[in-house]
Asker: 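Below is the structure I would like to discuss, written out as structure tokens.
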Amino acid sequence: MSPRPAPAPLLIACALGIEQLALRRREHGTPGGPVTVLRTGMGPAAAERSVTRMLADPALGGAAILATGFCAGLAPGMHPGDLVVAGETRDPRGSVPCAGTELLVKELVRTVPGRTVHTGPLTGSDHVVRGHERSALLATGAIAADMESAATLLAAVRTGERPVAAVRVVVDAPEHELVRIGTVRGGISAFRVLRSVLPAFYEWHRSLLLPRR
């Protein structure tokens with residue numbers, strides 16, 4: 001009887017130390033396979049470089065990739081602590097479709113009850129989005145923006161075929177602009193939500209390994 005193949009790993013990528021702090025308290029192996037939380041550093045170039053280097057490790061050859069952390073909500077009515085599940089990520093180089101979006105929404109609703117979950121395109125930026133820029137990006141169809149998700153997923157799929165996803169927590173929005181993360185209520189609310197989402201990520205990962213019927 002041949003041995004069962006090792007479970008595929010999950011790589012969760014975030015940019016900031018405060019995001020990694022929210023995620024690392026439950027960093028361990030799961031029924032879906034080993035989990036690594038990678039802090040890439042801020043900005044698309046740092047994210048792409050860090051993820052590419054990490055995926056050069058043969059042990060992560062078949063890893064699923066999930067980009068997460070904070071984001072700017074673009075649509076009126078969004079609030080700090082809302083969740084964004086990307087249907088795709090975009091930047092000037094193109095778009096990357098995400099896998100298992102519906103499952104992530106379902107699991108997040110169950111894991112973080114009472115929080116609003118938005119779905120739609122997540123757009124990349126090379127700087128923090130402020131003021132009138134939100135309206136311009138919203139007009140493209142995007143519902144949220146951050147600096148790393150698009151670069152992370154693009155780097156991931158360039159290294160080989162694999163499932164990818166992006167889930168972000170809104171830290172500021174058109175009516176709730178944030179000056180500095182962690183110093184106002186919106187930043188604290190987003191941090192608390194990010195601390196709660198890992199079970200949904202694990203279930204997404206586990207579902208990718210189940211045989212298709």
Side-chain angles (χ1 to χ4, degrees), residues 9-30 32-55 57 60 63-73 80-86 89-91 96 98-101 104 107-108 111-112 115 117-118 122-129 144-157 159 162-172 178 180-182 186-205:
L10 170 63
L11 180 64
I12 300 173
C14 62
L16 304 175
I18 192 172
E19 296 167 338
Q20 185 182 43
L21 178 64
L23 295 162
R24 78 187 311 174
R25 69 188 184 118
R26 296 183 62 181
E27 180 179 346
H28 51 66
T30 72
V35 177
T36 300
V37 176
L38 170 68
R39 179 184 174 186
T40 65
M42 186 181 249
E48 185 170 355
R49 184 168 56 248
S50 184
V51 171
T52 300
R53 182 169 59 244
M54 195 75 175
L55 293 179
D57 182 347
L60 291 172
I65 311 297
L66 196 151
T68 194
F70 303 130
C71 71
D82 285 1
L83 286 148
V84 173
V85 179
T89 58
R90 303 171 174 174
D91 73 5
V96 177
C98 296
T101 298
L104 273 169
E107 291 301 323
L108 288 167
T111 304
V112 196
R115 291 291 175 180
V117 181
H118 307 269
L122 177 60
T123 193
S125 174
D126 61 3
H127 60 277
V128 176
V129 174
D146 76 89
M147 291 193 284
E148 296 84 24
S149 291
T152 293
L153 298 200
L154 186 61
V157 299
T159 62
R162 65 181 75 248
V164 296
V167 176
R168 290 276 170 170
V169 182
V170 174
V171 74
D172 69 344
L178 181 65
R180 205 166 77 195
I181 291 173
I188 295 168
S189 174
F191 177 82
R192 288 174 175 165
V193 172
L194 190 59
R195 288 184 68 188
S196 304
V197 297
L198 279 173
F201 295 175
Y202 297 158
E203 185 60 25
W204 172 80
H205 181 219

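Every value quoted in this text rests on a predicted model; they were computed, and no experiment measured them.
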Asker: Working to the nearest 0.5 Å, report the span between CZ of R162 and CG of L153.
Answerer: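 Going from the CZ atom of R162 to the CG atom of L153 covers 11.0 Å.
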
Asker: Only one of L104, D82, L83 forms a side chain to side chain contact (heavy atoms under 4.5 Å, CB included) with V117, so which one is it?
Answerer: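 Single pass found, and it is L83.
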
Asker: Between V197, L194, L108, T101, which is the residue that forms a side chain to side chain contact (heavy atoms under 4.5 Å, CB included) with V167?
Answerer: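 So the option named by the test is L108.
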
Asker: So which heavy atom on L55 is nearest to which on A63, and how close?
Answerer: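 Between these two residues, the closest heavy atoms are CD2-CB, 4.5 Å.
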
Asker: Heavy atoms only: give me the nearest W204-A165 pair and the separation to one decimal.
Answerer: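 In this case the closest contact between W204 and A165 is CZ2-CB, 3.6 Å.
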
Asker: Quick one: pull up CD1 in I12 and OG1 in T36 and give me the separation to the nearest 0.5 Å.
Answerer: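 If we round to the nearest 0.5 Å, I12:CD1 and T36:OG1 are 8.5 Å apart.
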
Asker: Examine distances only and state if a side-chain atom of E148 and a backbone atom of P44 form a donor-acceptor pair shorter than 3.5 Å.
Answerer: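 Looks like no, no N/O pair under 3.5 Å.
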
Asker: If I take atom CG from residue L21 and atom CG from residue L16, how far apart are they, to the nearest 0.5 angstrom?
Answerer: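 Separation between the atoms: 11.5 Å.
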
Asker: Looking only at non-hydrogen atoms, find the nearest pair between C14 and V37 and report the distance.
Answerer: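 For C14 and V37, the tightest heavy-atom pair comes out as SG-CG1, 4.3 Å.
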
Asker: Checking side chain to side chain contact (heavy atoms under 4.5 Å, CB included) against V84, which of V170, V169, D146 comes through?
Answerer: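 Result: among V170, V169, D146, V170 is the only option passing the side chain to side chain contact (heavy atoms under 4.5 Å, CB included) with V84.
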
Asker: Taking all heavy atoms of A99 and all of P163, pick out the closest pair and write down the distance.
Answerer: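 For A99 and P163, the tightest heavy-atom pair comes out as CB-CB, 4.2 Å.
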
Asker: Give me the atom names and distance for the closest heavy-atom approach of S189 to P80.
Answerer: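 It is OG-O, 3.7 Å.
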
Asker: Working to the nearest 0.5 angstrom, can you tell me the gap between H205 NE2 and I65 CD1?
Answerer: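 With rounding to 0.5 Å, NE2 (H205) is 9.5 Å from CD1 (I65).
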
Asker: What distance do E19 atom CD and T40 atom OG1 have between them, rounded to the nearest 0.5 Å?
Answerer: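 Separation between the atoms: 8.0 Å.
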
Asker: How would you list, by chain and number, every residue that makes a side-chain hydrogen bond (donor to acceptor under 3.5 Å, both in side chains) with E107, sequence neighbours excluded?
Answerer: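 Applying side-chain hydrogen bond (donor to acceptor under 3.5 Å, both in side chains) to E107 gives R110.
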
Asker: Rounded to the nearest 0.5 Å, how far apart are CZ of R39 and CG of L23?
Answerer: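 The CG atom of L23 is 12.5 Å from CZ of R39, to the nearest 0.5 Å.
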
Asker: Would you check, one step at a time, whether the test side-chain contact (heavy atoms from CB on, under 4.5 Å) holds for I18 with F70?
Answerer: CA-CA 10 Å; I18 192 172; F70 303 130; 3.7 Å; yes

Asker: Please find the pair of heavy atoms, one from D91 and one from A151, that lie closest to each other, and give the distance.
Answerer: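 Shortest heavy-atom contact: OD2-N, 4.4 Å.
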
Asker: Only counting residues at least two apart or in another chain, list the ones meeting salt bridge (charged side-chain N to carboxylate O under 4.0 Å, His left out) with R90.
Answerer: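 R90 satisfies salt bridge (charged side-chain N to carboxylate O under 4.0 Å, His left out) with E88 once adjacent residues are dropped.
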
Asker: Give a yes or no answer on whether the side chain of S50 reaches the backbone of A47 with a donor-acceptor pair at less than 3.5 Å.
Answerer: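 A pair under 3.5 Å: no.
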
